[in-house]
K.L.:
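A single structure is presented below for examination.
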Amino acid sequence: MGLALLAGVCPALAQPTLHASLAGHQCVLSWPTSFTNYTLQKTTNLAAASWVTVSNPAPVTVGSSFTITLTNIASPSFFRLRNTNATTAISGMVLIPASDYTIGDPLDGEFDAVSATVYVSAFYMDVNPVTYDQWVNVYFWAVSNGYDFTYNYFVNSFDYKGPNYPAIGMSWYDAVKWCNARSQLVGLAPVYYTDEEFTQIYDSGEVNVVYANWKARATGYRPKQSGRKGRGED
């Protein structure tokens, strides 16, 4: 298995709660004033959402919230706030902007992958594959800080070709642990844990049930790999 890319590190602000209430023939929307750089959008169909920007919203500050009042229209509408906060550039990584995209396969005549539109938050991705040199540097730090890898990547160089060649040959388990170690090494929050309460960082063993801490907006690294589980598979 080759560790092709590392994706993650999204320091954008967490999505706020958008509140809606009815007042006569009008709808009142409100959200925290602490949330800045946003776009208010609406759609009439969540199943095949086509979000459009609400034109000329005029938020009014009420307490600690922004509030806008919209006149009710014939078609029921759904609203969302879309975060447009710019994020700081990270050396060696490129920002993948937040966007909607279509998943599924409507072309094969089957019904096991119905097309749907989903929204993906912004994240960073390494420009280049992780090199052997990068892998070993994090690996040294990890094993000296309580991490236990299935395979000794220092003694066994797994098809070593040079320090700047892509690191290949690691198992899925070790790739995930390595990402947690890389996150901690640079002061980011690890993503993967062995318990649902997110108190035990995944740092040893081959654990088949691993919990990703999405709710806390973990800022750490995540692996994007090719192949199946198991060392040496491409």
Side-chain angles (χ1 to χ4, degrees), residues 1-17 35 80-83 85 87-88 90 92-104 112-114 116-130 134-135 137-139 141-143 145-151 153 166-231 233:
M1 175 177 283
L3 186 62
L5 295 168
L6 290 178
V9 192
C10 181
L13 294 176
Q15 186 69 21
T17 300
F35 185 69
R80 74 177 183 184
L81 286 173
R82 187 163 187 172
N83 194 337
N85 283 284
T87 47
T88 305
I90 298 176
M93 305 190 85
V94 62
L95 177 65
I96 309 300
S99 182
D100 297 308
Y101 79 101
T102 301
I103 60 173
D112 57 348
V114 178
T117 300
V118 298
Y119 174 75
V120 178
S121 301
F123 63 94
Y124 282 100
M125 178 177 286
D126 276 344
V127 174
N128 299 307
V130 173
Q134 283 180 289
W135 177 275
N137 285 336
V138 174
Y139 174 81
W141 180 89
V143 296
N145 284 272
Y147 278 80
D148 175 37
F149 291 86
T150 305
Y151 193 66
Y153 295 98
I168 61 175
M170 67 290 300
S171 69
W172 177 88
Y173 306 103
D174 283 354
V176 171
K177 287 179 284 187
W178 187 89
C179 285
N180 272 353
R182 184 182 180 186
S183 300
Q184 289 189 292
L185 177 60
V186 297
L188 298 175
V191 176
Y192 302 98
Y193 296 78
T194 58
D195 65 314
E196 294 184 79
E197 290 73 32
F198 308 118
T199 61
Q200 301 297 321
I201 296 172
Y202 181 29
D203 58 10
S204 63
E206 295 188 352
V207 180
N208 289 320
V209 180
V210 178
Y211 301 90
N213 191 4
W214 307 133
K215 291 183 179 179
R217 300 279 179 171
T219 55
Y221 293 89
R222 309 193 300 269
K224 181 181 184 299
Q225 300 171 289
S226 60
R228 303 179 298 276
K229 291 183 182 180
R231 182 185 172 275
E233 296 177 342

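Side chains included, hydrogens not; waters and symmetry mates left out as well; all remaining heavy atoms used.
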K.L.:
Among all residues two or more places apart in sequence or in another chain, which pass the side chain to side chain donor-acceptor pair (under 3.5 Å) test with Q200?
P.N.:
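Counting only residues at least two positions away or on another chain, Q200 forms no side chain to side chain donor-acceptor pair (under 3.5 Å).
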
K.L.:
Report the residues that fulfil side chain to side chain contact (heavy atoms under 4.5 Å, CB included) with T102, sequence neighbours left out, ordered by chain and then residue number.
P.N.:
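Partners of T102 by the side chain to side chain contact (heavy atoms under 4.5 Å, CB included) criterion, ordered by chain and then number, come out as S115, T117.
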
K.L.:
Would you name the heavy atoms of P223 and V176 that are closest together and state the gap between them?
P.N.:
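Taking P223 first and V176 second, the nearest heavy atoms are CG-CG2, 4.0 Å.
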
K.L.:
Taking side chain to side chain donor-acceptor pair (under 3.5 Å) as the test, write out the residues that go with Y202, two or more places apart.
P.N.:
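Not a single residue meets the side chain to side chain donor-acceptor pair (under 3.5 Å) criterion with Y202.
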
K.L.:
With Q184, which residues qualify under side chain to side chain contact (heavy atoms under 4.5 Å, CB included), at least two apart?
P.N.:
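Testing Q184 for side chain to side chain contact (heavy atoms under 4.5 Å, CB included), a comparison that skips the adjacent residues, returns W141, Y147, P190, I201.
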
K.L.:
Heavy atoms only: give me the nearest V210-V207 pair and the separation to one decimal.
P.N.:
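So the two residues come closest at CG2-O, 3.3 Å.
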
K.L.:
Any non-hydrogen side-chain atom of V94 less than 4.5 Å from a side-chain atom of Y124?
P.N.:
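A side-chain contact under 4.5 Å is absent here.
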
K.L.:
Listed by chain and number, what are the side chain to side chain donor-acceptor pair (under 3.5 Å) partners of N145, not counting sequence neighbours?
P.N.:
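Here no residue qualifies.
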
K.L.:
SG of C179 to CG of D174: how many Å apart, nearest 0.5 Å?
P.N.:
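Rounded to the nearest 0.5 Å, the SG-CG separation comes to 11.0 Å.
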
K.L.:
To check you understand the geometry: which heavy-atom pair defines the closest contact between F149 and K177, and what is its length?
P.N.:
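Answer, listing the atom of F149 first, then K177: CA-NZ, 3.9 Å.
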
K.L.:
Compare every heavy atom of A181 with every heavy atom of A142, then report the nearest pair and how far apart it is.
P.N.:
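Heavy-atom minimum between the residues: CB-CB, 3.6 Å.
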
K.L.:
Using 0.5 Å steps for rounding, measure from the CG atom of N208 to the CH2 atom of W172.
P.N.:
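Between N208 CG and W172 CH2, I get 7.5 Å after rounding to 0.5 Å.
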
K.L.:
So which heavy atom on N180 is nearest to which on V191, and how close?
P.N.:
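Closest pair (atom of N180, atom of V191, distance): OD1-N, 3.3 Å.
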
K.L.:
Looking only at non-hydrogen atoms, find the nearest pair between R222 and Y192 and report the distance.
P.N.:
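Closest heavy-atom pair between R222 and Y192: CB-OH, 3.4 Å.
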
K.L.:
Mind checking the CD-CG spacing from Q134 to D126? Nearest 0.5 Å is all I need.
P.N.:
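Going from CD on Q134 over to CG on D126, the span is 6.5 Å.
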
K.L.:
Main chain of V138, side chain of W178: is a donor-acceptor contact present, judged purely on distance under 3.5 Å?
P.N.:
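Checked: no pair found.
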
K.L.:
Looking at residues at least two apart in the chain, or sitting in another chain, which of them share a side chain to side chain contact (heavy atoms under 4.5 Å, CB included) with E196?
P.N.:
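By the side chain to side chain contact (heavy atoms under 4.5 Å, CB included) rule, E196 matches Y211.
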
